[in-house]
Amino acid sequence: MRKYHYLILFMIGFLVLMPFMLHKLYMEQVKNTETFEEVPEAEDDDPAEGEGALDGTDTVSGNDTISGNDTVSGNDTVSGNDVQGEASEDGEEEPGEVLPPEEFFENTLFIGDSRTMGLAEYADMGDAVVFANTGMNIYRLYSLKNAVRDQELYLEDILAENQYRKIYLMLGINELGYDEGQTVRRFEEEVLKLQELQPEAEIVLEANLHVTTARSGRDEIFNNDGINRINENIRQIAEKYGFGYIDVNEIFDDDTGGLKPECTHDEVHVLGKYYQQWADWIRETGI
């Protein structure tokens, strides 16, 4: 019977102490909860001054005025590009999420030669329309038919079908060997005609892809010196008329300024697997 007496005393003691123990646990929980809830309030009471903030009169890239709030939200568009960003603590714009192909290339037209045909064949560009031919050059822009996806149409037919939001144009390498001054004048004329036929489209001129340094060194016509000259003329036309300009050579050039040998099988065109990298780069530039 004595061992039962100890058990009874233990249970009585436990029942007496249990309310005190439960109260202590409850108070600890309340204290922890109050401490957690105070964190946001403390942050709001001490806002950062002079870092990452804009007042109601400041503008981003001279275009849209930021008003109502003192910070730049993640939904504001920078410099008219499609890539959006958020303001960092030091006030600079950070790159945002790159739009997927079906959004970025919506209602977009690509015009070019065999390199542009490669983009159509190997890269995901959403529903972008591509007008290209292996022999395309600025002199034959309206006389050659499309050679992409069995769409045997002339450029004027394609332009008449739709008002495009954006048009990318890459031509110039097939023109090497022609009189350079004449080519530049013709290029300018045809781009202005394109603008006249598509007045609402944003026109983006693309620099021509380099060939390998080895190919450049043994070819008197199709070499990187000639490509660089035509690219510079194209850049100047873009600057003169306010067109966009992009140069994909920055991702495919080696340290000699030529197309990386590992990226090509013929020293002129990139391998099929690199066209997706090219298309992704276009989206990342936001132009």
Which salt bridge (charged side-chain N to carboxylate O under 4.0 Å, His left out) pairs, counting each pair once, include a residue from [range], with sequence neighbours left out?
| range | value |
| --- | --- |
| residues 209-231 | E180-R229, R215-D219, R218-E267 |
| residues 106-121 | none |
| residues 131-142 | none |

Quick one: list whatever passes side-chain hydrogen bond (donor to acceptor under 3.5 Å, both in side chains) with N233, sequence neighbours left out.
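Once residues adjacent in sequence are excluded, N233 has no partner under the side-chain hydrogen bond (donor to acceptor under 3.5 Å, both in side chains) criterion.
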Describe, in one word, how the ring planes of Y168 and F105 are oriented to each other, choosing from parallel (under 30°), tilted (30 to 60°) and perpendicular (over 60°).
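Aromatic pair Y168/F105 classed perpendicular.
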Determine whether a donor-acceptor pair (N or O, by modelled atom type, separation under 3.5 Å) exists between the side chain of H210 and the backbone of G257.
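Flag set: sc H210 to bb G257 pair under 3.5 Å.
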N137 side chain to E175 main-chain N or O, any donor-acceptor pair under 3.5 Å?
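It does not hold such a pair.
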Exceeds 12 heavy-atom contacts within 6.0 angstrom, atom OH of Y122
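Result for OH/Y122: open.
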Is the number of heavy atoms from other residues, nucleotides or ligands within 6.0 Å of CG (D127) greater than 12?
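Open: at most 12 neighbouring heavy atoms sit under 6.0 Å from CG of D127.
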Under 3.5 Å side-chain donor-acceptor pair for N228 and E232:
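The answer is no; no qualifying pair exists.
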With a 3.5 Å cut-off and no angle check, do the side chains of Y139 and T183 form a donor-acceptor pair?
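A pair is found: one side chain offers a donor N or O, the other an acceptor, under 3.5 Å apart.
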[X] versus [Y]: any side-chain heavy-atom pair under 4.5 Å?
| X | Y | value |
| --- | --- | --- |
| L159 | L109 | yes |
| L169 | I234 | no |
| E156 | K193 | yes |
| N146 | N133 | no |
| V268 | V211 | yes |
| Q236 | V184 | no |

P100: which residues meet the side-chain contact (heavy atoms from CB on, under 4.5 Å) condition with it, sequence neighbours left out?
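Once residues adjacent in sequence are excluded, the partners of P100 under the side-chain contact (heavy atoms from CB on, under 4.5 Å) criterion are E102, E103.
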What residues, two or more places apart in sequence or in another chain, satisfy salt bridge (charged side-chain N to carboxylate O under 4.0 Å, His left out) together with K240?
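Applying salt bridge (charged side-chain N to carboxylate O under 4.0 Å, His left out) to K240 gives E188.
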Using a strict cut-off of less than 4.0 Å between a Lys/Arg side-chain nitrogen and an Asp/Glu carboxylate oxygen, indicate whether R235 and E239 qualify as a salt bridge.
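Between E239 and R235 there is a salt bridge, with a charged N closer than 4.0 Å to a carboxylate O.
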Using side chain to side chain contact (heavy atoms under 4.5 Å, CB included), reason through Q277 and V270 one step at a time and then give a plain yes or no.
CA-CA 10 Å; Q277 182 180 343; V270 297; over 6 Å; no
Once rounded to the nearest 0.5 Å, what's the spacing between atom CD1 of I111 and atom CG of L171?
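Separation between the atoms: 7.5 Å.
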